[in-house]
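I have placed the structure first, in the form of structure tokens, so that the comments after it can refer back to it.
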Protein chains: 2
Amino acid sequence: MENTAAGPTPDHIMQVGLGFWASKALLSAVEMGIFTELAAGPRELSELAGRLGLHPRSARDFLDALVALGFLHRSQGHYCNAPDADLFLDRDKPSYIGGMLEMANARLFGFWNHLTEALRTGQPQNESKNDAAASPFTALYADPARLKGFLAAMSGISQGANLAIARQVPWTKYQTYADLGTAQGDLAVQIALANPHLRGMGLDLPEVGPVFEEYAEANGVSDRLRFQPGDFFQEPLPAVDVLTMGHILHDWNLAEKKMLVGKAFEALNPGGALVVYDALIDDDRSQNAFGLLMSLNMLIETPGGFDYTGADCMGWMKEAGFRDAYVEHLVGPDSMVVGFK
Amino acid sequence: MENTAAGPTPDHIMQVGLGFWASKALLSAVEMGIFTELAAGPRELSELAGRLGLHPRSARDFLDALVALGFLHRSQGHYCNAPDADLFLDRDKPSYIGGMLEMANARLFGFWNHLTEALRTGQPQNESKNDAAASPFTALYADPARLKGFLAAMSGISQGANLAIARQVPWTKYQTYADLGTAQGDLAVQIALANPHLRGMGLDLPEVGPVFEEYAEANGVSDRLRFQPGDFFQEPLPAVDVLTMGHILHDWNLAEKKMLVGKAFEALNPGGALVVYDALIDDDRSQNAFGLLMSLNMLIETPGGFDYTGADCMGWMKEAGFRDAYVEHLVGPDSMVVGFK
């Protein structure tokens, strides 16, 4: 892309540099519920603009930009959802992943405007910016509506990986499991659904309990899956066959990461396994841009968090005493590291 | 991309929805002068971090993200510029186009965080937000440093198109030209350089004069190219053979656009031509996402501006009296419309 017979062109630079235009257009479309509105069927410009509250000056350009970006189709003056937008961005479908984008729209886009300050200071740029002593999750957990949105967002962004873990780990060898930082509990639920012989629990701060229990109930696994309130920094981890941590380890600094991996080793039953997953950076740190940018997002969001490579994580596992470990790709940018005690 | 044999995937949605991460990383890199620093030669992590003022927590992730995005290369621990970044993002090269990205970083990224409000109200979200009576350019022109940055940015983003216009228009038929809203004057300069028989002028508000004259002098065309201070809304346009308007017409509302095209028709010598260029939207308004997003940028930046299709512009030209018109692609997202009197 950057080199042609005639020499370099500025196209890739301009495309990425102004890429926030397309990004914010999609985020605003999700915020305004366009894809939920169009899931009911195609609509003409004026009707759609009226229902969404789009000003006449902006409506046509905005909707046509979403067409050109591939999220809407337009035929004979009627707009409708593209197949991926209809499946993943209609709030009324269980496959909705827009919660993550709603959060990105409401919080991250503005915080990322301070990326340069984060790069120079190493300090977070989110709600905790003016209260350095606060836990990164204090502001989040203090507001029930914001918390529920965050938890649903985590489920949305994680479900593909959760389904893969429910299949790819050799679960037949195990009887019990616990998911740390379980949030809404989608990973714990998917494991239970795919493996009827297992009994599990989800651990998180007490505020998360009602959301977890509602989700387990709705998925018909509450007889085998219970919520365990607790702080995985303050208390020992439960003695189970398998411990899972999805999009957890990247929130913490190196000492905290090693401490969590060490606590997992101590807690696991003999022969047990630790399953860690995140948007792992490739070992050469030159290919997985998403994982590296996610690490910058941890810079924006946390006092010491960062993403890491599979080799990094296997190193921490071996240091903690795990006898063996491997890395396996899940879906999209996510991979898991499995360590055996 | 959105459909696979196994059905739609969320990849395209997540890539665009979180695309502002990559975008802001590049904008911060330009702001910090990374590519200018590396134009001098490859540097190791710690040396580069020290010279740029990158905090140890962020330096490696940030630089490796720029590697994964293709703007830097890394070999044996040394970072260097990719060829396109070296040519277009080194401030010390005349081919630098980073001025536009510096402006996007300092102004547009934050303003676009208010896109939803713009879509609902039809109102700009830039410096003029709290002063609706202000001209969109008042704040810009009031600050010489900001003005010079804006003018250089416009040259950077326009030069490819300007070079194409200097070749593609049948200049041999004409003797005189004037460029409206000329800014630094790059279009007028490129036309003069490629066509030694022409004499031209650049029109803009008086504040622009020194910047224009310095640029014409530096390019050795000041004997055939002069600055004409004026406001193209308040005064008649000059009588010349060719009038050009690059990235001008999209700043204004429909009535203002038609008025400018009409004034151009009145002013042109018999047989003359009007050359208009912008990131023209395709006539079906379904392909050129950049043009449609640029139109949303005009929503953010101006009280009534919008981008338009080639067919739209040819329609205004014919309405104004032009006997014929055609559309021709220039480079990247830019195309021109040429109308003949």
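Chain A is the first sequence line, chain B the second, and so forth, proteins listed ahead of strands; every chain is numbered from 1. These numbers come from a predicted model, not from an experiment. The figures here come from the full heavy-atom set of this structure, side chains too, leaving out hydrogens, waters and symmetry mates.
The CG atom of A:L18 lies 9.0 Å from the CH2 atom of B:W112; values are rounded to the nearest 0.5 Å. Rounded to the nearest 0.5 Å, atoms CZ (A:F306) and OG (B:S58) are 13.0 Å apart. Atom-to-atom distance recorded for A:L115:CG and B:M32:CE is 8.0 Å, nearest 0.5 angstrom. Going from atom NE2 of A:H114 over to atom OG of B:S28 covers 11.0 Å, rounded to the nearest 0.5 Å. How far CD of B:Q15 is from CG of A:L26: 11.5 Å, rounded to the nearest 0.5 Å. In this structure, the separation between CG on B:D64 and CG on A:N288 is 11.5 Å, given to the nearest 0.5 Å.
In this structure, chain A has no heavy atom under 4.5 Å from any part of B:L72. Heavy atoms of B:S286 lying under 4.5 Å from chain A belong to its backbone as well as its side chain. Both the backbone and the side chain of A:T116 come within less than 4.5 Å of a heavy atom of chain B. Only the side chain of A:L27 comes within less than 4.5 Å of a heavy atom in chain B; its backbone stays farther off. Heavy atoms of B:L89 lying under 4.5 Å from chain A belong exclusively to its side chain. For chain A, the nearby parts of B:L119 are the backbone and the side chain; heavy atoms of each come within less than 4.5 Å.
Against chain A, the residues from residues 289-298 of chain B that qualify, each with a non-hydrogen atom under 4.5 angstrom away, are B:A289, B:F290, B:L292, B:L293, B:M294, B:S295, B:L296, B:N297, B:M298 in number order.
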Given side-chain contact (heavy atoms from CB on, under 4.5 Å), test A:D284 with B:R74 step by step and report yes or no. CA-CA 10 Å; A:D284 187 49; B:R74 192 192 61 221; 3.3 Å; yes
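Side-chain contact between A:L299 and B:R57 is present, with at least one heavy-atom pair separated by less than 4.5 Å. Side-chain contact check for B:Q123 versus A:H55: every heavy-atom pair is 4.5 Å or farther apart. The shortest side-chain heavy-atom distance between B:D84 and A:H12 falls under the 4.5 Å cut-off.
Put simply, the residue from A:L87, A:L101, A:V30 that forms a side-chain contact (heavy atoms from CB on, under 4.5 Å) with B:I13 is A:L101.
Looking only at heavy-atom pairs under 4.5 Å with chain B, the residue among A:T121, A:L52, A:D86 that has the most is A:T121. The residue among A:G305, A:A59, A:A118 with the most heavy atom pairs within less than 4.5 Å of chain B is A:G305. Considering only heavy-atom pairs separated by less than 4.5 Å from chain A, the leading option among B:N113, B:I300, B:L108 is B:N113.
Checked against side-chain contact (heavy atoms from CB on, under 4.5 Å), A:L163 has the following partners two or more places apart in sequence or in another chain: A:Q159, A:R167, A:Q190. Contacts of B:F109 classified as ring pair (Phe, Tyr, Trp, His ring centres under 6.0 Å), with partners at least two apart in sequence or in another chain: A:F20, A:F109.
Sorted by first and then second residue, the salt bridge (charged side-chain N to carboxylate O under 4.0 Å, His left out) pairs with a member in residues 17-32 of chain B form an empty list; sequence neighbours excluded.
The shortest heavy-atom contact between A:S23 and B:G17 is OG-O, 3.0 Å.
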